[in-house]
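Attaching a single structure in structure tokens format; questions to follow.
Below, chains carry the letters A, B, ... as their sequence lines are ordered, and counting in each starts from 1.
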Amino acid sequence: MTDLLKDLEAKWRQRWAEQGTYRFDRTKAREQIYSIDTPPPTVSGSLHPGHMCSYTHTDLIARFQRMRGKEVFYPMGWDDNGLNTERRVQLMLGIACDPSLPYDPDFVPPRTPPDPPLRVSRPNFVACCQQITEMLEQSYFDLWSNLGLSVDWSQSYTTIGDLSRRTSQAGFIDLHERGLAYRTESPTLWDVDFRTAVAQAELQDRKLPGAFSRLRFRRAAGGEPIHIETTRPELLAACVALVAHPDDARYQEIFGSDALTPLFDVRVPIVAHRLADPEKGSGIAMICTFGDTTDITWWRELGLELRGIVEKDGTLTRTPPQGIESARGLAAFGELAGKGLTQARRRSLELLRESGELEGEPKPIEHQVKFWENGARPLEIVINRQWFIRYPEKEVLLELGRQLRWWPEFMRVRYENWVNGLLGDWNITRQRFFGVPFPVWYPIANDGTVLHDQPILADRDALPVDPSASHPPGYTAGQRNVPGGFTADPDVMDTWATSSLSPYIASHWIDDADLHQRVFPMDLRPQAHEIIRTWLFYTIVRSHYASGRLPWSNAAISGFVTDPDRKKLSKSAGNAADDPPHLIAEFGADAVRYWAAGGRPGQDVIFDRNQLRVGRRLATKILNFSKFVLGLPAPAAPAKPSLALDQSMLAGLRGVVAEATAAFENYDYTKALETIEPFFWNLCDNYLELVKVRAYEGDGSAIASLRFALSTALRLFAPFLPFVTEEVWSWWQEGSVHRAAWPSAAELDGLLEPAVGAGILDTAAAVLGAIRKAKTQARLPLRAELPQVTVTGDQGHLNALEEARRDLMSAGNVKSLLLKEGGGLAIDIGAEVTA
RNA sequence: AGGCCCGUAGCUCAGUUGGUUAGAGCGCUACGUUGACAUCGUAGAGGUCAGCGGUUCAAGUCCGCUCGGGCCUACCA
């Protein structure tokens, strides 16, 4: 960073904090407020340029709205709750959670992370997570602060903090009371490594090599065998039916009859369903409980038997499922029981080969398999008891999506795609530790059975509760886990179940109704497109239930930051010199923000150091221009922009103000900047050069115009370049530029003669440019004196030039300027000086 | 498989409702300034606006198809 800019940023960061420049004034009424549902960043990740980009976009909007006179509610949250943090802590400290262990009050994490990880109790593990997240949050705070985000830091929350836990648990209790949250035992997407349930929104397809095995099923009533192809022969024991399309001519005869499974001799019905694809394999498939999500649909809609064989740790059950009765079936299952899925697959194929029920050899293929986005192995589907939140009708969700203003508009399609593809309700249960616990206990009957269908919910006044540490109303602590007593719900909520309440957490819905009604529903949800199906969608669902309306009126969707190959930037792709603290140190926060401002809503942004250089140059130019203008002789008290050229410059500025304002109102800060920046360079290169001599001489019109243009330009640039504009503002103005009024066309109207347009400056600049060009081509210094210049132009041009005559002559160092009527606009600098 | 976005100078991108000769910044080259400028100015080279077809007096812009890139959703027995 240049010396000019270096000290500026630290100085202003400190002053803004001291003076509370961005502090939210909660005495304002709702219509005076602009409130933002800031995305709480996942603090367990690593910092890269993408973070700076999207958060700058939000800050641009916040600063614009603040200058327009809105009181901006701009909180910051930290998303520290959840599995990402657990994994980071496990890695950093070498500890893992074992909920069966008792709390150790003297526990200190090992100095160096042991391998395998040390097992610690849940309360100890949670305490370590809290310590680590505090540390990580500090590094995010430093980044946001260095970047100049105008966040009100007194409005901060963490998704694991008391406020979030209270809000989240209260929200859950509300939904439970209204029958919108329910617990049921059902097929659950399951990650066998992390041993937790996963929601539909967290699925990810990955290409994986696999193989089609062709299996022979006998008909129960005899006759031609049926061949099916499967990629999952290890699930054969879980087969509950064969299915083909109802219109498939090949299978009309056998619908309704039974088949016998290979190896296990289980009698399964042959059924018809529209989701069976006649084109695929032999057109008939085996339905297992459960191989994939289509199996769940078939199982539900066709009312099939349940024959689950996959355990939560990814092994096959030790006892055979119901239905396997033949001696060879039991023997075959005995070969597979307790094996991991890969082993079971290998052994299944061996057994099928031996029995002759495998036709040919498996054909290798590559296919898409569903993974959890954080997972390492394909998801399995197990039967489990889980809490769900019921979704509203699809049409209701779609209508809410239509009411929301999307920036850009086309992002709505992603929301609609997602809503239209929803399968079942939202599973909010996670079998993890560092999360918001369900505020729920279950009674234990005197015979020791847990009464899962009679949950005891916590009292609202007691929130937040940890049911593993406190006891339900009407019980004593000593009754935990004993017959006649109670047991805690062991699970925590999906992190989205809490972050989907971010507008409620940030607005203190739970404990400050006054604040809540001043800022909710919010004006803006800024976020990335990749989490439309999670954060945005879930927040709409929760707000629909909690408030019966949209949580915000606008959603501004930012793109990715990519490297020049259009690949999304990731930790591995970048190098150390490109990490955010280095970039800010090297180019300055204003320059980083300038680069970020080039990314329109919804558009991917290419990481480009060159743009950082351009931004830094602009910041320097603003400093230099300002120094020059403010160093001119102070104007006589009532000086006003009276000369036509000055008026003309201000008329152009009026247009810039109008255009930039309109662009900002449409969340197009990029266009606003693209409007302001060329005006400013024109101001420096042409207007200032034209009036320089006049200004040196103390001409009031020129100086007043320059000062007015400077004041306006600083305010227009302020959202983009908050540090350098604030510095210059402080040289000659009271208060912060960031609380100054956004420029308005009306402000300029007071100074402008109605008839003057931007044309005089444009024409004069064109002639000045032509004079420079002629000098350059004549190999003359730009300051060379020209005895005579002749300009030919139409009457309009000549009138304009007449107004600017004196300035043109001084700027071009022209002794005599002749204006002649003629076509076009031509300049002759005179033959005698071209030598 | 359906859908969305994109394709304009070496690079990053503008190009409003169709309307002169398609622009900017950066980079490159040359020259000049360096008396507001950790610089600045002027000029030059560089474009079949991805391709093909259509509508129109007129298409980078509107329509259709094709190709290429990115993404969303679904399917994946």
Side-chain angles (χ1 to χ4, degrees), chain A residues 1-5 205 207-208 210 212-213 215 228-232 235 239 242-244 275-277 280-288 291-295 298 365-370 408-423 529-530 532-533 559-560 562 564-568 595 598-600 602-611 613-614 616-618 620-632 659 662 670-671 674-675 677-678 681 684-686 688-689 692 695-696 768-784:
Chain A
M1 211 188 310
T2 65
D3 290 339
L4 276 174
L5 302 169
D205 284 345
K207 264 203 162 64
L208 222 59
F212 269 128
S213 303
L215 309 186
I228 67 105
E229 292 194 333
T230 178
T231 53
R232 305 218 43 192
L235 295 183
C239 177
L242 299 184
V243 65
L275 286 182
D277 183 355
K280 212 154 266 167
S282 51
I284 188 162
M286 68 172 184
I287 301 175
C288 301
D292 63 31
T293 49
T294 320
D295 283 339
W298 280 328
I365 54 156
E366 191 167 69
H367 60 160
Q368 303 272 3
V369 180
K370 293 229 182 294
E409 170 76 29
F410 63 74
M411 285 293 177
R412 175 185 288 114
V413 174
R414 304 207 176 187
Y415 173 84
E416 290 175 346
N417 279 346
W418 180 249
V419 169
N420 285 322
L422 283 175
L423 294 169
H529 53 70
E530 60 186 335
I532 288 174
R533 69 178 187 174
F560 286 141
T562 67
D565 301 330
R566 316 268 164 175
K567 295 278 179 283
K568 188 182 173 184
W595 158 70
R600 292 184 150 77
Q603 207 177 48
D604 289 351
V605 184
I606 297 201
F607 177 68
D608 184 3
R609 293 175 76 86
N610 195 41
Q611 285 302 105
R613 270 181 225 113
V614 175
R616 183 180 53 187
R617 198 180 58 134
L618 176 62
T620 306
K621 186 78 174 179
I622 289 172
L623 276 183
N624 283 317
F625 174 76
S626 306
K627 264 194 301 197
F628 181 75
V629 168
L630 296 174
L632 291 168
E659 201 173 323
T670 307
K671 186 172 182 185
E674 282 173 354
T675 307
E677 196 185 359
W681 284 102
C684 295
D685 296 343
N686 291 316
L688 178 59
E689 291 303 326
K692 208 181 223 173
Y696 275 135
L768 180 61
I771 291 173
R772 286 173 180 149
K773 179 174 179 175
K775 286 183 180 176
T776 299
Q777 285 174 345
R779 305 261 160 147
L780 289 170
L782 284 182
R783 340 188 80 214

Legend entry - With sequence neighbours excluded, residues passing ring pair (Phe, Tyr, Trp, His ring centres under 6.0 Å) with A/Phe212: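 Once residues adjacent in sequence are excluded, A/Phe212 has no partner under the ring pair (Phe, Tyr, Trp, His ring centres under 6.0 Å) criterion.
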Legend entry - Rounded distance in Å between the P positions of B/G3 and B/G19: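 Comparing P positions in B/G3 and B/G19 gives a spacing of 29 Å.
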Inset, instruction - For A/Leu688, report the nucleic acid contact type (base, sugar-phosphate, nothing); a contact means any heavy atom under 4.0 Å. - result: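 Answer is base: heavy atoms of A/Leu688 come under 4.0 Å of a base.
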Legend entry - Contacts of A/Lys692 that satisfy side chain to side chain contact (heavy atoms under 4.5 Å, CB included) - sequence neighbours left out: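 Listed in chain order: A/Phe628, A/Glu689, A/Tyr696.
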Inset, instruction - Using a 4.0 Å heavy-atom cut-off across all strands, classify A/Gln603 as base, sugar-phosphate, or nothing. - result: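 Sugar-phosphate, backbone atoms only, no base.
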Legend entry - Span that lies between the P atom of B/C49 and that of B/C11, in whole angstrom: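 One P to the other, the span is 16 Å.
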Inset, instruction - Select base, sugar-phosphate, or nothing to describe what A/Phe410 touches, counting heavy atoms under 4.0 Å on all strands. - result: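 The residue A/Phe410 makes sugar-phosphate contact but no base contact.
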Legend entry - Euclidean distance, A/Cys684 SG relative to A/Ile622 CD1, rounded to 0.5 Å: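 A/Ile622 atom CD1 to A/Cys684 atom SG measures 8.5 Å (nearest 0.5 Å).
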Inset, instruction - Using only side-chain N and O atoms of A/Lys671, determine if any of them is under 4.0 Å from OP1 or OP2 of B/A14. - result: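 The answer is no; no side-chain N or O of A/Lys671 sits under 4.0 Å from OP1 or OP2.
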Inset, instruction - Answer yes or no: is there a donor N or O on one side and an acceptor on the other, between the side chain of A/Asp295 and the main chain of A/Asp292, under 3.5 Å? - result: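 Pair found, side chain donor or acceptor close to backbone of A/Asp292.
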Legend entry - Value in whole Å for how far the C1' atom of B/C76 lies from CD1 of A/Ile287: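 For the pair A/Ile287 CD1 and B/C76 C1', the rounded distance is 16 Å.
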Legend entry - Sequence-distant partners of A/Asn610, side chain to side chain donor-acceptor pair (under 3.5 Å), two or more places apart: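 A/Asn610 satisfies side chain to side chain donor-acceptor pair (under 3.5 Å) with A/Arg613 only.
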Inset, instruction - In whole angstrom, give the distance that lies between atom CG of A/Asn624 and atom P of B/U34. - result: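 Spelled out: CG on A/Asn624 to P on B/U34 is 17 Å.
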Inset, instruction - In whole angstrom, give me the gap between the C1' atoms of B/U34 and B/G41. - result: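 Pairwise C1' distance, B/U34 against B/G41, rounds to 11 Å.
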Inset, instruction - Figure out the CH2/P separation between A/Trp681 and B/G41, and round it to whole Å. - result: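 After rounding, the gap between these two atoms is 6 Å.
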Inset, instruction - Output all residues satisfying side chain to side chain donor-acceptor pair (under 3.5 Å) with A/Trp595, sequence neighbours left out; order by chain, then residue number. - result: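 Here no residue qualifies.
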Legend entry - Proximity to the side chain of A/Thr620 - top-ranked nucleotide from B/G41, B/A36, B/A38: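 Selected nucleotide (nearest to the side chain): B/A38.
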Inset, instruction - Of all the heavy-atom pairs spanning A/Phe410 and A/Gly602, show the shortest one and how long it is. - result: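 Scanning both residues completely, I find the closest heavy atoms to be CZ-O, 4.5 Å.
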Inset, instruction - Classify the nucleic acid contact of A/Arg412 as base, sugar-phosphate or nothing, counting any heavy atom under 4.0 Å across all strands shown. - result: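 If one applies the 4.0 Å heavy-atom cut-off, A/Arg412 turns out to touch nothing in the nucleic acid.
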Legend entry - B/U16 versus B/C75 - spacing of their C1' atoms, nearest Å: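 Here B/U16 and B/C75 have their C1' atoms 41 Å from each other.
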Inset, instruction - Quick one, give me the B/S/- string for nucleotides 17-29 of chain B, reading 5' to 3', where B means a protein heavy atom under 4.0 Å from the base and S means that only happens at the primed atoms, P, OP1 or OP2. - result: --------SS---
Legend entry - Qualifying residues under salt bridge (charged side-chain N to carboxylate O under 4.0 Å, His left out), relative to A/Glu416, sequence neighbours excluded: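 Listed in chain order: nothing, the list is empty.
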Legend entry - Partners passing side chain to side chain contact (heavy atoms under 4.5 Å, CB included) against A/Arg600 (at least two apart in sequence or in another chain):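 In terms of side chain to side chain contact (heavy atoms under 4.5 Å, CB included), with neighbours along the sequence ignored, A/Arg600 is linked to A/Gln603, A/Asp668, A/Thr670, A/Lys671, A/Glu674.
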Quick test: give all pairs of protein nitrogen or oxygen and nucleotides 72-75 of chain B nitrogen or oxygen below 3.5 Å, distance rounded to 0.1 Å.
unit_1: B/C72; atom_1: O2; unit_2: A/Asn417; atom_2: ND2; d: 3.4
unit_1: B/U73; atom_1: OP1; unit_2: A/Arg533; atom_2: NE; d: 3.4
unit_1: B/U73; atom_1: OP1; unit_2: A/Arg533; atom_2: NH1; d: 2.8
unit_1: B/C75; atom_1: O2'; unit_2: A/Lys280; atom_2: NZ; d: 3.4
unit_1: B/C75; atom_1: N4; unit_2: A/Asp205; atom_2: OD2; d: 2.9

Legend entry - Spacing of the C1' atoms in B/A38 and B/A43 (rounded, Å):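 Those two atoms are separated by 25 Å.
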Legend entry - C1' spacing across the pair B/G70 / B/A50, given as an integer number of angstrom: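 About 16 Å, rounded to a whole number of Å.
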Inset, instruction - Would you kindly compare A/Gly769 and A/Phe625 by the position of their nearest RNA chain B nucleotide and give the one closer to the 5′ end? - result: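 Of the two residues, A/Phe625 wins.
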Inset, instruction - Using whole Å, report how far CG of A/Asn686 lies from C1' of B/G41. - result: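 Rounded to whole Å, this separation is 10 Å.
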Inset, instruction - Find the distance A/Asn420:CG to B/C4:C1' and express it as a whole number of Å. - result: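 Rounding to the nearest Å, CG of A/Asn420 and C1' of B/C4 are 14 Å apart.
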Legend entry - Distance between P atoms of B/A24 and B/G15 (Å, rounded):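 Roughly 15 Å separates the two P atoms.
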Inset, instruction - Fill in the dot-bracket string of RNA chain B, one character per base: . for unpaired, | for a pair to another strand, ( ) or [ ] for pairs within the strand, taking Watson-Crick or G-U pairs under 3.5 Å. - result: (((((((..((((.....[...)))).(((((.......))))).....(((((..]....))))))))))))....
Legend entry - side chain to side chain donor-acceptor pair (under 3.5 Å) partners of A/Lys370, counting only residues at least two apart: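 Partners of A/Lys370 under the side chain to side chain donor-acceptor pair (under 3.5 Å) test: A/Asp205.
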Inset, instruction - Measure from CZ on A/Arg600 to C1' on B/C5 and round the result to the nearest Å. - result: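 Rounded to whole Å, this separation is 14 Å.
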Legend entry - Gap separating the CE atom of A/Met411 from the NE2 atom of A/His529, nearest 0.5 angstrom: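 It is 5.0 Å, given to the nearest 0.5 Å.
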Inset, instruction - Give A/Cys684 one of three labels, base, sugar-phosphate or nothing, depending on what nucleic acid heavy atoms sit under 4.0 Å from its own. - result: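 Touches a base.
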Legend entry - Gap in Å between the two C1' atoms, one belonging to B/U73 and one to B/U55, rounded: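 Each nucleotide's C1' atom is 34 Å from the other's.
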Inset, instruction - List in chain and number order the residues that pass side chain to side chain donor-acceptor pair (under 3.5 Å) with A/Glu659, two or more places apart in sequence or in another chain; answer none if no residue qualifies. - result: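 For A/Glu659, no residue satisfies side chain to side chain donor-acceptor pair (under 3.5 Å) once neighbours in sequence are set aside.
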Inset, instruction - List in chain and number order the residues that pass salt bridge (charged side-chain N to carboxylate O under 4.0 Å, His left out) with A/Arg772, two or more places apart in sequence or in another chain; answer none if no residue qualifies. - result: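 In terms of salt bridge (charged side-chain N to carboxylate O under 4.0 Å, His left out), with neighbours along the sequence ignored, A/Arg772 is linked to no residue.
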Legend entry - Rounded distance in Å - CD (A/Glu677) to P (B/U12):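 After rounding, the reported distance stands at 18 Å.
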Legend entry - Euclidean distance, atom CD1 of residue A/Ile606 to atom P of B/G70 [Å, nearest integer]: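 Taking CD1 of A/Ile606 and P of B/G70, I get 12 Å after rounding.
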